[in-house]
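Encoded as structure tokens, the structure appears first; notes follow it.
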Amino acid sequence: MRHFKILSTIYQSIQTNGTLINQAWCDLFKSYQVQMVISLDGLDFIHDAHRKTRKGLGTHANTMRGISLLKANNIDFRVIAVLTQDSLDYPEEMFNFFMENDIRKVGFNIDEKIGSHESSSFENRGIEKRYRAFMQRFYELVKSTNWYLKIREFEELKHKICYGMPNEIKGQFTPFLIISIDYQGNFSTFSPELLSMKSSIYGDFILGNVKHDTFESVCKTDKFKRINHDIQAGVDLCQHTCPYFSVCGGGSPANKYFENGLFESSETMYCRYSTKILTDIILEDIETYLVLDQPKING
């Protein structure tokens with residue numbers, strides 16, 4: 001069984017669509033050094049197709065207004081863009097949008113099958129080929145700017161490929177690396193999506209409540225021990241069966257559970273798209289560079 005410790009340094013992060021950001025919020029973010037993450041799916045017609053108000057109106061314009069306020073207050077932020085099958089035909093347009101708006105830090109999430117979202121457009125026929133073409137082209141465009149635009153997946157995977165994983169591998173499978181707390185004070189750990197989900201195996205993933213429980217105390221409960229045991233068994237399975245383990249470390253527990261039906265499993269659709277395909281793209285580029293960089297020997 002893996003040993004772990006609860007980290008003492010806490011970083012506050014807010015992920016938001018940014019539509020309600022105003023000056024008062026910006027003052028608060030600066031005072032407490034809150035790390036800001038904005039949900040923005042890139043181009044307006046792609047974003048507005050899925051991110052609407054309760055009246056059915058698109059939110060792209062209001063999200064961009066919130067980003068403008070963050071910039072005016074010199075508040076650093078990054079963007080998470082969810083890719084659906086609708087995004088995959090527009091790599092150049094998406095790239096130009098981020099560059100023109102000086103949005104320099106972007107992470108790509110895929111349309112996942114997770115929690116209450118029981119299906120994904122990425123399960124459709126032909127999507128894997130289109131996704132690879134999109135990411136291949138995006139990689140080329142980012143590289144052409146000397147990596148001015150920082151894509152989370154490219155940056156993290158390049159670092160792991162070139163420098164290896166740290167001795168102490170951490171991820172969503174690491175207890176209390178991420179702590180999720182709802183408005184009632186209920187908390188969970190591992191993947192953030194687990195907090196609000198129900199389970200036929202575990203009941204739910206709520207481990208305690210901040211009103212009367214400490215994070216340390218719930219580590220002794222049977223519920224935590226069972227969940228943690230099953231998640232670590234899944235990590236061990238990945239380590240012994242997957243050639244990409246050295247750049248992954250064990251995957252996302254939530255994706256394993258909601259795609260495969262249990263934590264003690266390995267490959268998911270999510271890991272194929274977020275790790276395996278992108279690792280292949282980066283390795284091909286590195287290998288091409290190494291071949292081209294070889295000195296020519298006259299015969």
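Starting from 1, each residue takes its place in the sequence as its number. Please read these numbers as outputs of a predicted model, since none were measured by experiment.
Taking a 4.5 Å side-chain heavy-atom cut-off between Ile, Leu, Val, Met, Phe, Trp and Tyr, the cluster of Leu195 extends to Ile206. Other members of the hydrophobic cluster containing Ile80, listed by chain and number, are Val37; membership follows side-chain contacts under 4.5 Å among ILVMFWY residues, whether direct or relayed.
Side-chain atoms of Gln23 and Asp27 form a donor-acceptor pair, as typed in the model, at a separation below 3.5 Å. Side chains of Tyr273 and Asn109: no donor on one and acceptor on the other come within 3.5 Å.
Note: Phe205 and Phe263 have perpendicular aromatic rings, judged against thresholds of 30 and 60 degrees for the angle between ring planes. Taking the six-membered ring where tryptophan is involved, the planes of Phe138 and Phe98 are perpendicular, since the angle between them exceeds 60° and thus also 30°. Taking the six-membered ring where tryptophan is involved, the planes of Phe215 and Phe176 are tilted, since the angle between them lies from 30° to 60°. Using cut-offs of 30° and 60° for the angle between ring planes, the Phe29 and Trp25 rings count as parallel.
Scanning for salt bridge (Lys or Arg N to Asp or Glu O under 4.0 Å) contacts around Glu267 gives Arg272, Lys276, with sequence neighbours left out. In this structure, the side-chain contact (heavy atoms from CB on, under 4.5 Å) partners of Arg130, at least two apart in sequence or on a different chain, are Gln85, Leu88, Asp89, Ile127. Looking at residues two or more places apart in sequence or on another chain, you find a side-chain contact (heavy atoms from CB on, under 4.5 Å) between Thr19 and Asn17, Thr59, Asn62, Thr63. Evaluation of the ring pair (Phe, Tyr, Trp, His ring centres under 6.0 Å) rule for Phe173 yields no partner, not counting sequence neighbours. Residues meeting the side-chain contact (heavy atoms from CB on, under 4.5 Å) test with Leu262, sequence neighbours left out: Asn260, Glu264, Ser265. Applying the salt bridge (Lys or Arg N to Asp or Glu O under 4.0 Å) rule to Arg132 yields the partners Glu284; only residues at least two apart in sequence or on another chain are considered. For His50, the side-chain contact (heavy atoms from CB on, under 4.5 Å) partners two or more places apart in sequence, or in a different chain, are Thr84, Asp86. In this view, Lys223 and Asp204 satisfy the salt bridge (Lys or Arg N to Asp or Glu O under 4.0 Å) rule, not counting sequence neighbours. Taking the salt bridge (Lys or Arg N to Asp or Glu O under 4.0 Å) definition, one finds that Glu156 meets it with nothing, sequence neighbours left out.
Side-chain contact check for Leu194 versus Gln172: every heavy-atom pair is 4.5 Å or farther apart.
For residues 57-85, the set of pairs meeting the ring pair (Phe, Tyr, Trp, His ring centres under 6.0 Å) definition, not counting sequence neighbours, comprises His47-His60, His60-Phe97.
Between Glu140 and Arg137, at least one side-chain nitrogen of the basic residue sits less than 4.0 Å from a carboxylate oxygen of the acidic one, meeting the salt-bridge criterion.
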